[in-house]
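Contents: one structure, followed by commentary.
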Amino acid sequence: NTEFTWKVSVPIWTSGIMSIFAYFLTVRLIPGLKNMFIKANLFGSDMNKRNSDKIPEALGVVSGCVFLITLFIFIPIPFTNYIFENSNFPHNEFVELLAALLSICCMLLLGFADDVLDLRWRHKILLPTIASLPLLMVYYVNFNSTLIIIPKPLRVWFGFSVDLGLIYYIYMGMLAVFCTNAINILAGINGLEVGQSLVIATSIMIFNIIELSGSLWKAHQFSLYFILPYITTSLALFKYNRYPAQVFVGDTFCYLSGMTFAVVGIIGHFSKTTLLFFIPQIINFLYSVPQLFHLVPCPRHRLPKFNKETEKLDPSVTVFKKSELNGVARLIMTVFRSLKLVNWEEDNDGNVKCNNLTLINFVIIMIGPTREEKLTKILLIIQISCSILAFSIRYPLASVFYDV
Ligand code: UD1
Ligand code: MG
């Protein structure tokens, strides 16, 4: 029926058109504002280049603001029918939209604070948790469904469904912490932060479009309202952040992106599928665990090392004495070494040189020293392949595990 099709597609098309405007606005704004950032002392140097020019940092705040403004202007669109008819206004949907915006807005502010103040590691855990509170509150008021359906093979033990209660809220809070930080630590070569976020966002968009014809179309329509302007504003940022980078995106962008993905996943009830699009980030996180928890010394920067002679990137290393490691660290590193996951050089005095544990360094170990531009491309191809894998897991597997 056409009336239904209109109801589904008109707000989405409107959002799409507004997003295209947002793209051109961001593309124009970034070059104009670049010098303002340098004047405000917001700059860094590109460590993988010969020269050390000042590159403005935290430009994610520009694309983020345009993203938010687009959404602010968009707020009345999905509700125009109700406004004109003056009846049955869906307050629950309205408050979802506002809370989602509040969480993302909050994350933009906190991310920018991180870029300006260079916060400590523990704050990076705390900030997304705080920013996700408005969202969790709305989730509580609107759904409060913490019931999860048990996959078929496990039903013998757990029954058909389990009410997770508080644990589910903790899971949702942790999802926000994970999404924000996971993007931020898979970083350090031009274009990678935005590139991976764009692949994840596009995957979510495709998933939403497929699901629009299903019974949960409302949740996926809601997600598209966020994802479309997110993609176009980030695309504009990518134009300037790709090799050779004219601007850096800053933690502002990583936090904003992670929060956007967490928000749509939570409100849209597809957080598990969202996580499926994070496979490279999950691998990078697990590989990084020894350094993140300081079992193995972790330098301030773990990005690959520029080799001035070859103009290629080598894996960066962390240097320490083997005696510094405790039992757990030794065990993990022994496993990593026997699986050939690390480059480990040790001399007779117990001085160790080991690569920093990031996916980027691991790729360089596998394929040998690589030029920065090519390395970003390879990592983005890995991200895209993982999204394809995610889709092929999501659809066939869902019918094995659940009645769909
Ligand atoms: C995270 C990583 C860190 C990595 C850094 C690079 C962890 C625990 N932290 O730290 O290892 O070195 O991101 O972003 O894994 N930069 C470049 N080229 C780029 C992007 C960034 O040289 O393409 C440099 C610039 O000097 C820039 C700085 O990285 O100023 C930004 O680092 P920042 O985002 O503050 O680092 P973290 O997110 O704390
Ligand atoms: Mg960062």
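In each ligand, atom 1 is the first atom listed, and ligand 1 is the first ligand listed.
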Check: N190 N/O within less than 3.5 Å of ligand 1 N/O = yes

Is S45 in contact with ligand 1, taking contact as a heavy-atom separation below 4.0 Å?
-> yes

Mark up the atoms of ligand 1 that fall under 4.0 Å of a heavy atom belonging to N184, in ascending order.
-> 1 (C), 13 (O), 38 (O)

Select the closest option to atom 27 (C) of ligand 1 among R300, E372, E57, E193, judged by heavy-atom distance.
-> E57

With the threshold set at 4.0 Å, does a side-chain nitrogen-carboxylate oxygen contact exist between R50 and E311?
-> yes

Which pairs pass side chain to side chain donor-acceptor pair (under 3.5 Å) with one or both residues in residues 274-285, sequence neighbours excluded?
-> Q196-Q281, Q281-Q383

For ligand 1, is there an N or O atom under 3.5 Å from any N or O atom of G250?
-> no

Under 2.8 Å from the Mg ion (ligand 2), which protein N/O/S atoms are there?
-> N184 OD1, D251 OD1

In ligand 1, which numbered atoms sit nearer than 4.0 Å to a non-hydrogen atom of D251?
-> 33 (P), 34 (O), 38 (O)

Taking the six-membered ring for Trp, are F89 and F79 parallel (under 30°), tilted (30 to 60°) or perpendicular (over 60°)?
-> tilted

Relative to the heavy atoms of G44, which atoms of ligand 1 are at a distance of less than 4.0 Å?
-> 30 (O)

Which ligand 1 atoms are under 4.0 Å away from a heavy-atom of I185?
-> 7 (C), 8 (C), 15 (O)

Ring-ring centroid check Y255 F112, cutoff 6.0 Å | no

Check: P134 and S103 side chains under 4.5 Å, non-hydrogen atoms | yes

Say whether Q291 and ligand 1 are in contact under the criterion: heavy-atom distance to a ligand atom below 4.0 Å.
-> no

Is there a heavy atom of K124 sitting under 4.0 angstrom from any atom of ligand 1?
-> yes

Return the orientation label for the W344 and F320 ring planes: parallel under 30°, perpendicular over 60°, tilted otherwise.
-> perpendicular

